[in-house]
Asks: 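I have a structure here, written as structure tokens, and I will follow up with some questions on it.
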Protein chains: 2
Amino acid sequence: MRNHLKQLRGEQGWSQAELAKRLDVTRQTVIALEKGKYDPSLPLAFRISRVFGLPIEKLFDPENP
Amino acid sequence: MRNHLKQLRGEQGWSQAELAKRLDVTRQTVIALEKGKYDPSLPLAFRISRVFGLPIEKLFDPENP
DNA sequence: CAGTCATGTAAAGCACGCTTTACATGTCGA
DNA sequence: TCGACATGTAAAGCGTGCTTTACATGACTG
């Protein structure tokens with residue numbers, strides 16, 4: 001599933017390590033998510049939503065619209 | 001994570017089998033979700049959102065608000 | 001009463017989400 | 001040039017998300 005994490009993180013001026021800390025995950029997880037290697041769990045998706053102040057629907061694009 | 005699937009399914013008058021079909025999962029998955037045994041994956045959360053016509057945020061309550 | 005429908009439990013199996021650890025590369029400032 | 005920081009890759013390990021199959025129970029209906 002596509003996401004805009006890398007771009008949004010850039011807008012905030014955060015490093016991967018900084019974002020990982022805010023999301024309470026490891027940097028590896030941030031890398032994997034940004035690279036689209038897999039989708040976040042629902043709880044993590046909610047945390048991402050809160051960190052960026054955007055609804056989940058604005059952060060992720062389900063393939064079949 | 002809490003959800004309102006059982007109630008919403010009831011409002012639509014759907015059986016678990018009917019909802020499972022609409023979500024393209026098995027009935028076991030519907031049962032597990034309604035019982036809160038685990039959270040749906042993000043792609044499934046989007047499908048649930050579409051089936052009920054509600055945003056993900058209205059369907060699931062992350063514990064830490 | 002027999003049959004069907006809705007709901008539920010149980011268990012095995014596979015792929016994914018996330019962790020931990022380690023190492024490699026490029027860039028930048030002292 | 002050395003060190004720190006940012007980004008990236010790799011691999012092993014664990015729990016969870018979802019499937020398949022099977023069986024049990026209660027309610028309703030012919």
Side-chain angles (χ1 to χ4, degrees):
Chain A
M1 190 181 304
R2 286 225 186 133
N3 67 67
H4 312 117
L5 297 187
K6 190 159 190 170
Q7 179 194 346
L8 289 166
R9 177 173 64 80
E11 292 175 4
Q12 301 297 323
W14 294 337
S15 68
Q16 292 174 338
E18 171 73 22
L19 176 57
K21 190 177 174 185
R22 288 173 186 264
L23 293 175
D24 194 27
V25 295
T26 63
R27 192 168 63 87
Q28 292 316 307
T29 298
V30 168
I31 291 173
L33 294 177
E34 288 189 351
K35 296 248 142 187
K37 191 170 178 185
Y38 49 69
D39 300 320
S41 65
L42 190 55
L44 178 50
F46 270 100
R47 299 207 296 280
I48 296 170
S49 170
R50 286 216 257 136
V51 160
F52 289 115
L54 292 171
I56 293 177
E57 282 81 358
K58 285 271 169 63
L59 294 167
F60 303 92
D61 296 325
E63 321 284 75
N64 291 327
Chain B
M1 189 181 304
R2 285 225 187 132
N3 68 65
H4 312 118
L5 297 187
K6 190 158 189 171
Q7 178 195 346
L8 289 166
R9 178 173 63 81
E11 291 174 5
Q12 300 297 324
W14 295 336
S15 68
Q16 293 174 338
E18 172 72 22
L19 176 56
K21 190 178 175 184
R22 288 174 185 265
L23 293 174
D24 195 27
V25 295
T26 63
R27 193 168 62 88
Q28 291 315 305
T29 298
V30 169
I31 291 173
L33 293 177
E34 287 189 351
K35 296 247 141 189
K37 190 170 178 183
Y38 50 67
D39 300 320
S41 66
L42 191 54
L44 178 50
F46 270 99
R47 299 208 296 281
I48 296 170
S49 170
R50 285 217 258 135
V51 160
F52 288 115
L54 292 170
I56 293 176
E57 283 80 358
K58 286 271 168 64
L59 294 167
F60 302 92
D61 296 325
E63 321 284 73
N64 292 326

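Letters A, B, ... are given to chains in the order of the sequence lines, protein chains preceding strands, and every chain is numbered from 1.
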Asks: Between A:I31 and A:K37, is any pair of side-chain heavy atoms under 4.5 Å apart?
Replies: no
Asks: Between D:dG8, D:dC18, C:dG8, which nucleotide gets closest to the side-chain atoms of B:L44?
Replies: D:dC18
Asks: Of A:P40 and B:Q16, whose closest DNA chain C nucleotide lies nearer the 5' terminus?
Replies: B:Q16
Asks: Nearest whole Å is fine: how far is C:dC5 C1' from B:W14 CH2?
Replies: 19 Å
Asks: Could you go through nucleotides 19-27 of chain D and list every protein N or O atom that sits under 3.5 Å from one of its N or O atoms, giving the distance for each pair?
Replies:
from	atom 1	to	atom 2	distance (Å)
D:dT19	OP2	B:T26	N	3.0
D:dT19	OP2	B:T26	OG1	3.0
D:dT19	OP2	B:T29	OG1	2.3

Asks: Would you mind reading off the distance between B:K21 atom NZ and D:dC18 atom P, rounded to a whole angstrom?
Replies: 20 Å
Asks: Within this structure, what is the CD-to-P distance between A:E34 and C:dC18, rounded to whole angstrom?
Replies: 14 Å
Asks: In this structure, which one of A:H4, A:R9, A:Q7 forms a side chain to side chain donor-acceptor pair (under 3.5 Å) with A:E34?
Replies: A:R9
Asks: Using the side-chain heavy atoms of A:D39, tell me which of these nucleotides is nearest: C:dT7, D:dG8, C:dG17.
Replies: C:dG17
Asks: Can you tell me the distance, in whole Å, between the CG atom of B:L5 and the C1' atom of D:dG17?
Replies: 15 Å
Asks: For B:K6 and C:dG8, is the shortest distance between a side-chain N/O and OP1 or OP2 below 4.0 Å?
Replies: yes
Asks: Does B:K35 reach a base, just sugar-phosphate, or nothing at all? Heavy atoms under 4.0 Å.
Replies: sugar-phosphate
Asks: Rounding to an integer number of Å, can you tell me how far A:K37 NZ sits from C:dA15 P?
Replies: 15 Å
Asks: Nearest to the side chain of A:S41 - D:dG8, D:dC18, C:dC18?
Replies: C:dC18
Asks: Once rounded to the nearest 0.5 Å, what's the spacing between atom CG of B:L19 and atom CG of B:L5?
Replies: 7.0 Å
Asks: Roughly, in whole Å, what's the span from CG in A:L42 to C1' in C:dG17?
Replies: 13 Å
Asks: How many Å lie between CG on B:L33 and P on D:dG17, as a whole number?
Replies: 9 Å
